[in-house]
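Structure record follows, encoded as structure tokens.
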Amino acid sequence: MNDSEPRDFIRKIIDEDLESGKHAEIVTRFPPEPNGYLHIGHVMSICLNFGVAAETGGRTYLRFDDTNPGKESPEYVEAIEKDVHWLGFDWGDRLTHASDYFDRLYQSAIELIEKGVAYVDSLSAEEIREYRGTLTEPGKDSPYRDRSIDENLDLFARMYAGEFADGEHLLRAKIDMASPNMNLRDPAIYRIRHIPHQNAGDKWCIYPMYDFAHGLSDAYEGITHSLCTLEFEDHRPLYDWFLDQLQPEHRPRQIEFSRLNIAYAITSKRKLNALVEEGVVSGWDDPRMPTIAGMRRRGYPPEALREFVVRAGVTKKDKLIEMGALENCVRETLGDSAPRRMAVLRPLKVVLTNYPEDQVEVMEAKNHPGNPDFGTREMPFSRELWIEQDDFMEDAPRKFFRLKPGGEVRLRFGYIIRCDEVIKNDDGDVVELRCSYDPDTRSGTGTSDRKVKGTIHWVSCKHAVDASVRLYDRLFTEANPNAVEDFHSVLNPDSLETVSARLEPSLGELAAGETVQFERLGYFCKDAVDDGAIFNRVVTLRDSWAKLEKQALQQA
RNA sequence: UGGGGCGUAGCCAAGUGGUAAGGCAUCGGGUUUUGAUCCCGUGUACCGCAGGUUCGAAUCCUGCCGCCCCAGCCA
């Protein structure tokens, strides 16, 4: 990290705390609940928490906030660990669970009762809701609020012992039923749940609530800065209240920042889960999903994601960032790192009428235009080639400088060809082009100083490898699907199109999960989940021709 | 209508009394055997609005408006 890096308000606070000597070391935590997959919103939190610690030589815990058994599962913890690692962060031996602290938490709850600031309530869930009041009206005290300490201790012990059914009793903090902050109206501390815990086994039938468990877990781990999102801002008084009452050795500070939202994407675990459950997508790792697993499978490099959150910044303002900003980060990193290859997505046959029937030449193609370290590869060239349908236009506008009847174009790393004849089927569709090549224009021979305006990509028919290519588009048609009542109404029906493509031979050996650039088309990642030659389009290349076309259409 | 938070260009975002950084996008132009990349250039931002304080305010004060969050025994 260099000193000119912009400092967000959280890093400023941290710098100050280090300078003042308040803390000798920064300790943070990333605390996911294992009840779903991590998504782009979490990337921000992961990068922030692990980032500030790493930048200051501190440490970060990966702590599973597993206080609600029944909603959580090991499938998710496994996925979360994989995702955080993949993003580029390491928690070392600091993998913990809120459930690791259940014993201490239980003792702390007893301490609260002994101090007279917690009580066992025996109202029903519905009654508690009624007693809570509303946003504008104060709540009223539960009739059980003034139970004696001994009675509370006894009842809580029996809750622990399993003498009561779910919902029969509830341990609550005794704060203020009239507080304008709803979180302070005697919040729940422990509830009864006769469910075994995925990590703690069947030892417990009472489980602590988030507000109680989280702050104390932070304290137990010596977390200095507990960074979370804005919706927890009005929980902070409660976070501090527990610390004030219990006076743990370490005193963490909660700081909130705004969530990161991406346009045309959903980041609600509930809705993401619905997409999976309803089969709208193929799973949590469907390449259209804004999950880390989905983006990984799509082919987004972790560096791109990290760069993206840096650009997004850390503030308290609600953000809805353009999808293009993320895609641009992906393009930038892949532009440097992805080897170039050629592939034809929508094949149109070209026959070079003056090219010897059985001749095959080997063309040398650069693997990267700007970086010689990528080396070169060989591409077979023959009489019959596939080119992109979009690279031919019968009635081409002036500015279209690809192939047109009578026109010339350069075949990348090959020859200049001229279109002599257009062959159509009975429906009038163009099915084949008869062209002639200029033998003096072979790439790299020094005789190829002739200039033509356009260069297109190609694949030799008899050497081509078949593949299925998935072209992805945004999942929603609305910029902020989070805000739409029913997201089903704004699903993009064309978010996935699959085409049969022809690839240059070298692509046959590409390893699963590898990403290359199909020249002039975009970046494509060999799918790492499904078997066979399947490629996912990561992102298209910038396309100023498409832009021109769009403008022309709008003017017409 | 209770409490908390936020409002600087299309999207992000610096700036905390001295006269509006930067990134992305946009729009021009140059280079280019990817219409990619790269390189140059390009923005009058009513600093949410209205008053006030001040020689001077995005920055201080007052009032107003808009958006987000909170009434789970979820996190």
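So that the names make sense, note that chain A is the first sequence line, chain B the second, and so on, each numbered from 1.
- Contact check, A:K317 against B:G5: no side-chain N or O comes under 4.0 Å of OP1 or OP2.
- Look at CD on A:E233: it is 6 Å from P on B:G5, rounded to the nearest Å.
- No side-chain donor-acceptor contact under 3.5 Å links A:E81 and A:Y76.
- Atom CG of A:N371 is separated from atom C1' of B:A36 by 16 Å (rounded to the nearest Å).
- Using a 4.0 Å cut-off, some side-chain N or O of A:K547 falls inside it from OP1 or OP2 of B:C27.
- Nucleic acid contact class of A:K12 (heavy atoms, under 4.0 Å, all strands): sugar-phosphate only.
- A cation-pi arrangement is absent between A:R147 and A:Y119, since the terminal nitrogen or guanidinium carbon is not both under 6.0 Å from the aromatic centre and inside a 45° cone about the axis.
- Side-chain N/O atoms of A:K319 include one lying less than 4.0 angstrom from OP1 or OP2 on B:A13.
- The base of B:U33 is paired with the side chain of A:S443 by a donor and an acceptor separated by under 3.5 Å.
- Residue A:T455 places no side-chain N or O under 4.0 Å from the OP1 or OP2 atom of B:U32.
- Closest contact between the side chain of A:A325 and the listed nucleotides B:C24, B:C74, B:C73 involves B:C24.
- When distances run from any side-chain atom of A:E33 to the nucleotides B:A75, B:U33, B:A71, the shortest one goes to B:A75.
- One donor-acceptor pair, N or O on each side, does fall under 3.5 Å between the base of B:U33 and the side chain of A:R410.
- Rounded to an integer number of Å, the gap from CD of A:E322 to C1' of B:A13 is 13 Å.
- Applying the 4.0 Å criterion to OP1 and OP2 of B:G72, one finds that A:R132 has a side-chain N or O inside that range.
- Contact between the side-chain N/O atoms of A:R191 and the OP1/OP2 oxygens of B:A75 is found at a separation under 4.0 Å.
- The shortest distance between the side-chain N/O atoms of A:R412 and the OP1/OP2 oxygens of B:U34 is below 4.0 Å.
- Between the side chain of A:H457 and the base of B:A36, no donor-acceptor pair of N or O atoms lies under 3.5 Å.
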